[in-house]
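Taking it in order: structure first as structure tokens, then the write-up.
For the numbers below, each heavy atom of this structure counts, side chains included, while hydrogens, waters and symmetry mates do not. Model, not experiment: these values are computed from the prediction.
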Amino acid sequence: MSLPILSEEPEYYPDCCASISHRLLEILTENFQNIEGERLILSIGSGTGLLEALLLSHLPSSSNLTIEGVEVDSSINKYLPEQNSSIVRGTWELSPHLNHVGGLMFVYPRSPELVKRYFENGMRVEVVVGVLHRSDWTDFQESFGREGWEVEVLEGGEGGVVGNEMVVVFRKGKGKVVG
């Protein structure tokens with residue numbers, strides 16, 4: 001399936017619950033490119049894979065990052081190549097690849113408990129990005145991150161999303177709150 005051409009202004013697309021812009025892809029690329037260890041990025045609950053496919057197409061050719069969408073049903077994926085997609089048995093199951101992951105992405109996560117479990121079990125994870133509605137932040141704030149993680153909150157256009165959305169970036173080992 002062909003990918004949409006993005007602008008600087010965030011827009012909604014029928015196959016993604018979050019708004020997407022060129023700026024959002026820049027934020028994702030910049031944060032995931034700075035990972036020093038494992039180069040696998042898991043997108044938990046990737047849905048159709050639109051955002052993940054756009055991110056793959058945006059990465060520089062010299063990048064050695066691998067983006068993998070994780071879903072409960074393979075028929076949902078429309079955009080990611082098969083090698084960039086994996087399946088779990090349910091919304092309660094963690095990806096079996098978690099021990100080899102340097103970054104995680106959650107776009108409109110459904111379960112604070114699942115987010116918390118990924119943080120607790122992703123020992124090599126250095127960067128986690130959440131894209132969510134601002135009103136959901138209070139439900140997820142305690143699930144994202146742990147002591148010793150820098151938190152950067154980018155609201156609306158600053159994060160490359162529409163005004164009622166936010167991008168939250170967690171970086172391991174920095175230990176300060178930004179934003």
Side-chain angles (χ1 to χ4, degrees), residues 1-7 10-111 114-132 140 144 159-161 165 167-172:
M1 218 167 194
S2 65
L3 297 174
I5 297 172
L6 301 181
S7 70
E11 293 180 48
Y12 286 107
Y13 295 90
D15 286 330
C16 188
C17 54
S19 60
I20 308 173
S21 68
H22 189 263
R23 171 82 181 122
L24 176 59
L25 292 182
E26 288 175 349
I27 290 167
L28 295 173
T29 299
E30 177 183 325
N31 281 284
F32 290 138
Q33 287 278 78
N34 287 329
I35 291 173
E36 295 175 7
E38 300 288 340
R39 305 300 286 173
L40 175 61
I41 310 302
L42 293 183
S43 178
I44 309 305
S46 57
T48 65
L50 176 60
L51 178 57
E52 295 77 7
L54 286 165
L55 179 56
L56 275 172
S57 71
H58 185 76
L59 292 172
S61 58
S62 61
S63 173
N64 60 351
L65 287 175
T66 300
I67 310 295
E68 181 176 301
V70 178
E71 242 329 318
V72 296
D73 183 350
S74 62
S75 67
I76 297 170
N77 178 29
K78 294 181 183 179
Y79 295 93
L80 280 174
E82 189 175 330
Q83 69 268 19
N84 294 89
S85 180
S86 65
I87 304 300
V88 291
R89 293 177 293 178
T91 57
W92 44 267
E93 185 176 48
L94 299 177
S95 168
H97 302 140
L98 188 55
N99 290 332
H100 307 286
V101 170
L104 294 169
M105 183 166 66
F106 295 90
V107 179
Y108 275 79
R110 293 183 184 182
S111 167
L114 184 64
V115 171
K116 180 179 178 182
R117 288 181 57 224
Y118 269 98
F119 261 97
E120 291 173 348
N121 292 284
M123 297 305 169
R124 295 183 177 166
V125 173
E126 297 176 39
V127 174
V128 178
V129 178
V131 180
L132 58 157
F140 283 90
F144 277 108
V161 293
E165 294 179 324
V167 176
V168 186
V169 180
F170 299 86
R171 296 177 199 92
K172 192 174 195 174

Keeping the roles fixed (side chain from S57, backbone from L54), state whether a donor-acceptor pair exists under 3.5 Å.
yes
Measuring only between side-chain heavy atoms, which start at C-beta, is I76 closer than 4.5 Å to S46?
no
Quick check: do L59 and I67 have side-chain heavy atoms less than 4.5 Å from each other?
yes
Shortest non-hydrogen pair, V72 vs G90, comes out as CG1-C, 3.6 Å
Drop me the distance from N84's CG to S43's OG, to the nearest 0.5 angstrom.
11.5 Å
Do you know the tightest heavy-atom contact between Y108 and C17?
CB-SG, 3.5 Å
Side-chain heavy atoms of V70 within contact of V88, under 4.5 Å:
yes
So L98 and L104, side-chain contact (heavy atoms from CB on, under 4.5 Å) or not? Walk me through it.
CA-CA 9 Å; L98 188 55; L104 294 169; 4.2 Å; yes
Take V127 and N34 through the side-chain contact (heavy atoms from CB on, under 4.5 Å) test and state the conclusion after the steps.
CA-CA 9 Å; V127 174; N34 287 329; 5.9 Å; no
Counting C-beta onward and ignoring hydrogens, is there a side-chain heavy-atom pair between T48 and P14 closer than 4.5 Å?
no
Please determine whether side-chain contact (heavy atoms from CB on, under 4.5 Å) holds for the pair L40 and H97, giving the CA-CA distance in whole Å, both sets of side-chain angles, and the decisive distance to 0.1 Å.
CA-CA 9 Å; L40 175 61; H97 302 140; 4.0 Å; yes
Compare every heavy atom of S86 with every heavy atom of E68, then report the nearest pair and how far apart it is.
OE2-OG, 2.7 Å
Could you list all the salt bridge (charged side-chain N to carboxylate O under 4.0 Å, His left out) pairs where at least one residue sits in residues 38-63, not counting sequence neighbours?
E38-R124
One should read off an interatomic distance between R23 CZ and L28 CG, to the nearest 0.5 angstrom, of 10.0 Å
Which atoms form the tightest heavy-atom contact between F32 and G103, and what is the distance?
CE2-CA, 4.1 Å
Take atom CD of E36 as the centre, draw a 6.0 Å sphere, and report whether it contains more than 12 heavy atoms from other residues, nucleotides or ligands.
no
Compute the centroid of each ring, for F106 and then for F140, and state whether the two points are separated by less than 6.0 Å.
no
Evaluate the side-chain proximity of L55 to L24: yes if any heavy-atom separation is below 4.5 Å, no if none is.
no
With a 4.5 Å cut-off on side-chain heavy atoms, are D15 and K78 touching?
yes
State, with a plain yes or no, whether a side-chain heavy atom of P60 is found less than 4.5 Å away from one of T29.
yes
Ignoring hydrogens and geometry, is there a side-chain-to-backbone donor-acceptor pair from R171 to N31 under 3.5 Å?
no
4.5 Å side-chain heavy-atom contact, F144 and V168
no
Quick check against the 3.5 Å criterion: does K172 have a side-chain atom that pairs as donor or acceptor with the backbone of M123?
yes
Stepwise, does the side-chain contact (heavy atoms from CB on, under 4.5 Å) test hold for V129 with I27?
CA-CA 10 Å; V129 178; I27 290 167; 5.7 Å; no
How many angstroms lie between atom CG of L50 and atom OH of Y13, to the nearest 0.5 angstrom?
8.5 Å
Return the CD to CD1 distance between E11 and I5, rounded to the nearest 0.5 Å.
11.0 Å
Which ring-ring contact (aromatic ring centres under 6.0 Å, His included) pairs, counting each pair once, include a residue from residues 38-83, with sequence neighbours left out?
H22-H58
Value for CD (E71) from CD1 (I87), rounded to nearest 0.5 Å, stands at 7.0 Å
To the nearest 0.5 Å, tell me how far L51 CG sits from C16 SG.
5.0 Å
So, using salt bridge (charged side-chain N to carboxylate O under 4.0 Å, His left out) as the criterion, who are the partners of E93 when residues are at least two apart?
R89
Residue pair L80 / G49: nearest heavy atoms and the distance that separates them:
CG-O, 3.9 Å
Please give me the minimum heavy-atom distance between T91 and L114, naming the atom from each residue.
O-CD2, 3.2 Å
Is it the case that S63 and Q33 place a side-chain donor and acceptor less than 3.5 Å from each other?
yes
